[in-house]
Undergrad: 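Next up is a structure, given as structure tokens.
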Amino acid sequence: MPKKKLQKEFQSPKGMRDLLPQDAAFWDKVINVGQELAQDYGFQKIETPLIEDAELFIRGTGETTDIVSKQMYFVKTAGNANLALRPEGTPGVARAYMENGMASLAQPIKLFYYGPMFRHEQPQAGRWRQLYQFGLEIFGDGSAVLDAQTIQFCFHLFRQLGLKKVNIQINSLGCPQCRPAYRRALLDYYRHRKEKLCPDCKRRLKENPLRLLDCKEEKCQPIKTQAPASVDHLCDDCRKHFKEVLEFLDELEIPYFLNSALVRGLDYYTKTIFEVFWDEEGASPMALAGGGRYDNLIKDLGGKPTPAVGMAFGLDRIVDLMKKEQVKVAQGPNFKVFLVQLGAAGRKKCLKLFEKLHQAGILAAESMSRDSIKAQMKSADRLGVKFALILGQQEALDNTVIIRDMQSGVQETVPQDKVVDELKKRFKK
RNA sequence: GUGGUCGUAGCUCAACGGCAGAGCUCUCGGUUGUGGUCCGAGCGGUUGUGGGUUCGAAUCCCAUCGACCACCCCA
């Protein structure tokens, strides 16, 4: 009979992938360290839906931002609800803050979350359409100390993960009071030099002037370095706030770089913004985390004016780096013994013995489904356990078990009800 | 979304118009119920997919999907 192709071979959608067992220890480490640290810093965990009203992101993240205007996944339903997969975490958490009346609790409210975000963009190394973020948000308090604390958390987390070559860049974008004036100054400056700009910058001049400062084109660099900086156009309040943030960071001895060209892609940021990069020789720095203050988001979403600050970590990239930098992570379970079973009777007794050992706190590895003793011994050897416990037909009849010292090869037969004691005695030596 | 490079076994790669291979991994053996080394065998592929050229295609051409890189942007 000719072979027919009955089913197509499926593959994961573009830019999406499986997180495999061999990487699980790295993911667990980032998430556990992040979670524990966040709790130590007084953050509480929140989980919000992966899908929200699309309007939440259009109004929150911003209609003109790339992640909303070009990269959002819209969700079709039988009804005509206008839903979208979340491209970032902040709007959902802000919505939850409002919807659940957290504004009437003692402020500030400090929340953390982690989970997948979805952005339909062209994938590349470290750039996924389903990406994982760990994020923090602090609502209800505009103090500069909280901006600093957020950065302190970030610094602390990277240190604890063993990633040392991180580089924190910081800037202030001002607020609705002072930003328009800065924008005008920037536009004025660039308009006079329009002819010397690269094609991309000519486009940016029209569409997104702040992005002019991001240009990497050689010919634009001299113009860029002379460009007006937002920090020179801050209103009194914003300048004082920024100064305080920097003073706190100095006090904490957290190294940072003032980067007047730092601009973030989301519309809601006010005052402090920062990004954390990984510096690698010969490669352009990669953003690992970013955040800032967003004092107008809640108001823009229809809530009462509520200052806030937050940040997000790109877990995919952090895990990649941990692997590359060979950060030590917990190994799998530390098996102490290996249960080798032979024959039907031996297998039955072994199942029971496994439970007994577990109750006694002795982690036992096994491969119950295998028949050959050879293969089982091989597994035992590979796991590096100290003892193999062999239970075959004969031992099942006698209610005994053989304890084999894997290093010396010495074997001793002991009664099954003494095994735990015998093992404990041997582990003490 | 635009441009470039690349897709062969689970992994790393050969074969570059003439029978699709190796190493590693995995499974099973090397006399009764005992691991590491060694030896042997086996499993595993419609060469990403679909067309075309050709006596003959993994190899050449087109399309498509995916990965990587650059732009764009960001985590």
Side-chain angles (χ1 to χ4, degrees), chain A residues 2-5 8-17 20 22 30 61 64-71 87-90 114 116-135 154 166 198-201 203-204 207-208 210-211 214-217 262-266 275-278 283-291 311-321 338 340-343 346 367 370-385 387-396 402-411 413:
Chain A
K3 271 191 193 172
K4 266 191 206 163
K5 198 160 193 179
K8 75 168 183 171
E9 292 240 8
F10 289 108
Q11 54 185 333
S12 61
K14 183 171 182 163
M16 302 189 181
R17 47 130 177 210
L20 298 169
Q22 58 260 35
V30 196
T61 309
T64 62
T65 60
D66 274 23
I67 66 175
V68 168
S69 66
K70 303 201 292 211
Q71 304 173 356
E88 59 131 350
T90 302
Y114 65 85
M117 309 296 159
F118 301 85
R119 299 180 188 177
H120 188 93
E121 61 182 328
Q122 204 57 248
Q124 242 174 67
R127 215 171 83 178
W128 302 95
R129 287 185 172 181
Q130 178 172 338
L131 57 119
Y132 290 82
Q133 291 193 333
F134 181 98
C154 171
V166 295
C198 70
D200 274 336
C201 279
R203 181 180 52 77
R204 290 188 181 106
E207 292 171 6
N208 199 347
L210 288 183
R211 287 257 155 240
D214 251 357
C215 186
K216 288 158 197 114
E217 199 66 40
L262 183 68
V263 179
R264 288 186 56 80
L266 312 182
E275 281 184 28
V276 182
F277 294 92
W278 179 260
S284 48
M286 183 164 59
L288 296 182
M311 71 173 306
F313 296 82
L315 299 183
D316 306 80
R317 292 176 180 184
I318 291 172
V319 165
D320 276 358
L321 280 175
F338 193 100
V340 177
Q341 42 72 33
L342 291 158
S367 48
R370 271 179 208 274
D371 293 328
S372 117
I373 185 170
K374 238 182 136 159
Q376 295 183 67
M377 290 301 290
K378 199 169 170 181
S379 303
D381 182 53
R382 264 192 284 218
L383 284 170
V385 296
F387 302 105
L389 302 185
I390 303 167
L391 211 167
Q393 297 287 15
Q394 191 59 50
E395 291 76 24
I402 299 171
I403 300 180
R404 175 185 175 87
D405 185 310
M406 291 298 282
Q407 216 160 6
S408 65
V410 174
Q411 300 193 167
T413 304

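So you know, we letter chains A, B, ... as the sequences are listed, proteins then strands, and number each from 1.
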Undergrad: Between A:Pro13, A:Pro116, A:Pro123, which is the residue that forms a side-chain contact (heavy atoms from CB on, under 4.5 Å) with A:Arg129?
TA: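 The single option meeting the side-chain contact (heavy atoms from CB on, under 4.5 Å) with A:Arg129 is A:Pro123.
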Undergrad: How long is the line joining CG of A:Asp381 and C1' of B:rC38, in whole Å?
TA: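 So the CG-C1' distance, A:Asp381 to B:rC38, works out to 15 Å.
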Undergrad: Can you tell me the pairing partner of B:rC28 across any strand shown, Watson-Crick or G-U wobble, with both distances under 3.5 angstrom?
TA: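 For B:rC28, the partner nucleotide comes out as B:rG40, under the 3.5 Å rule.
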Undergrad: Over how many whole Å does the gap from A:Lys374 atom NZ to B:rG40 atom P extend?
TA: 15 Å
Undergrad: Is there, by distance only and without an angle test, a donor paired with an acceptor across the side chain of A:Gln122 and the base of B:rG3 below 3.5 Å?
TA: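 By the distance-only test, no, there is no pair.
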Undergrad: Roughly how many Å apart are B:rG10 and B:rG44, using the C1' atom of each and rounding to a whole number?
TA: 9 Å
Undergrad: Rounded to the nearest angstrom, tell me the gap between atom CG in A:Asp320 and atom C1' in B:rA75.
TA: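 About 11 Å, once rounded to whole Å.
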Undergrad: What is the distance, rounded to the nearest whole Å, between atom CD of A:Glu121 and atom P of B:rC69?
TA: 13 Å
Undergrad: Hey, are the side chains of A:Phe277 and A:Leu288 touching, using non-hydrogen atoms and a 4.5 Å cut-off?
TA: no
Undergrad: What about A:Arg404, does its side chain sit under 3.5 Å from the base of B:rG35 through a donor-acceptor pair?
TA: yes
Undergrad: For B:rG23 versus B:rG18, give the span between their C1' atoms, rounded off to a whole number of Å.
TA: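 These two C1' atoms come out 26 Å apart once rounded.
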Undergrad: Just name whichever nucleotide pairs with B:rG18, Watson-Crick or G-U, keeping both distances under 3.5 Å, else none.
TA: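 B:rC55 is the nucleotide pairing with B:rG18.
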Undergrad: Send over the distance from A:Lys378 NZ to B:rG30 P, rounded to a whole Å.
TA: 13 Å
Undergrad: I need the CD1-P distance between A:Ile373 and B:rG30, as an integer number of Å.
TA: 13 Å
Undergrad: Out of B:rC28, B:rG35, B:rC74, which has the shortest distance to the side chain of A:Met406?
TA: B:rG35
Undergrad: May I ask which nucleotide in the shown strands pairs with B:rG1, Watson-Crick or G-U wobble, both distances under 3.5 Å?
TA: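 Check on B:rG1: paired to B:rC71, both distances under 3.5 Å.
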Undergrad: Can you measure from CG (A:Asp381) to CD (A:Gln376) and round to the nearest 0.5 angstrom?
TA: 13.5 Å
Undergrad: Could you tell me which nucleotide pairs with B:rG66 by Watson-Crick or G-U wobble geometry, both distances under 3.5 Å, or answer none if nothing does?
TA: B:rC6
Undergrad: A:Gln11 has a side chain; which of B:rA70, B:rC65, B:rA75 sits nearest to it?
TA: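 The listed nucleotide nearest to A:Gln11's side chain is B:rC65.
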Undergrad: Counting any heavy atom closer than 4.0 Å, what does A:Ala380 reach on the DNA or RNA strands: base, sugar-phosphate only, or nothing?
TA: nothing
Undergrad: If you check every side-chain atom of A:Trp128, which of B:rC72, B:rG36, B:rC68 has the closest atom?
TA: B:rC68
Undergrad: Taking only the C1' atom of each, what is the distance from B:rA22 to B:rA9 in whole angstrom?
TA: 11 Å
Undergrad: In whole Å, what is the span from the CD atom of A:Gln411 to the P atom of B:rG35?
TA: 11 Å
Undergrad: Write down the distance separating the C1' atoms in B:rC38 and B:rG48, rounded off to the nearest Å.
TA: 39 Å
Undergrad: Between B:rC16 and B:rU59, how many Å separate the two P atoms, rounded to a whole number?
TA: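 Nearest-Å result for B:rC16 against B:rU59 at atom P: 13 Å.
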Undergrad: Is the shortest side-chain heavy-atom distance between A:Arg17 and A:Gln130 below 4.5 Å?
TA: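 No, too far: nothing below the 4.5 Å cut-off.
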Undergrad: Can you tell which of B:rC26, B:rG33, B:rA75 lies closest to the side chain of A:Arg382?
TA: B:rC26
Undergrad: I'd like to know if A:Arg370 reaches the base of B:rC28 with its side chain such that a donor and an acceptor end up less than 3.5 angstrom apart.
TA: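 No, no donor-acceptor pair under 3.5 Å.
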Undergrad: For the atom pair CD (A:Glu275) and CE (A:Met286), what is the distance rounded to the nearest 0.5 Å?
TA: 13.0 Å
Undergrad: Between B:rG7 and B:rA75, how far is it from one P atom to the other, in whole Å?
TA: 34 Å
Undergrad: Closest to the A:Pro123 side chain: B:rA75, B:rG36, B:rA67?
TA: B:rA67
Undergrad: Please pick, from B:rC72, B:rG35, B:rG33, the nucleotide with the shortest atom-to-atom distance to any side-chain atom of A:Met377.
TA: B:rG35
Undergrad: Under 3.5 Å, is there an N or O donor on one side and an acceptor on the other linking the side chain of A:Gln376 and the base of B:rU34?
TA: no
Undergrad: Is there a donor-acceptor contact under 3.5 Å from the side chain of A:Ser367 to the main chain of A:Arg370?
TA: no
Undergrad: B:rC68 base to A:Arg127 side chain: any donor-acceptor pair below 3.5 Å?
TA: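 Absent.
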Undergrad: Please determine whether any donor N or O and acceptor N or O are separated by less than 3.5 Å between the side chain of A:Arg119 and the base of B:rA75.
TA: yes
Undergrad: Take atom P in B:rC60 and the same atom in B:rC6, then report the distance between them in whole Å.
TA: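 The answer is 10 Å between these two P atoms.
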Undergrad: What is the ring orientation for A:Phe313 with A:Phe134, classed by angle as parallel under 30°, tilted 30 to 60°, or perpendicular over 60°?
TA: perpendicular
Undergrad: Would you kindly give the CG-to-C1' distance between A:Asp405 and B:rG35, to the nearest whole Å?
TA: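 Taking CG of A:Asp405 and C1' of B:rG35, I get 13 Å after rounding.
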Undergrad: Using the side-chain heavy atoms of A:Gln124, tell me which of these nucleotides is nearest: B:rG35, B:rC69, B:rG33.
TA: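 Comparing B:rG35, B:rC69, B:rG33 against the side chain of A:Gln124, the answer is B:rC69.
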Undergrad: Taking atom C1' in both B:rA14 and B:rG30, what distance in whole Å separates the two?
TA: 31 Å
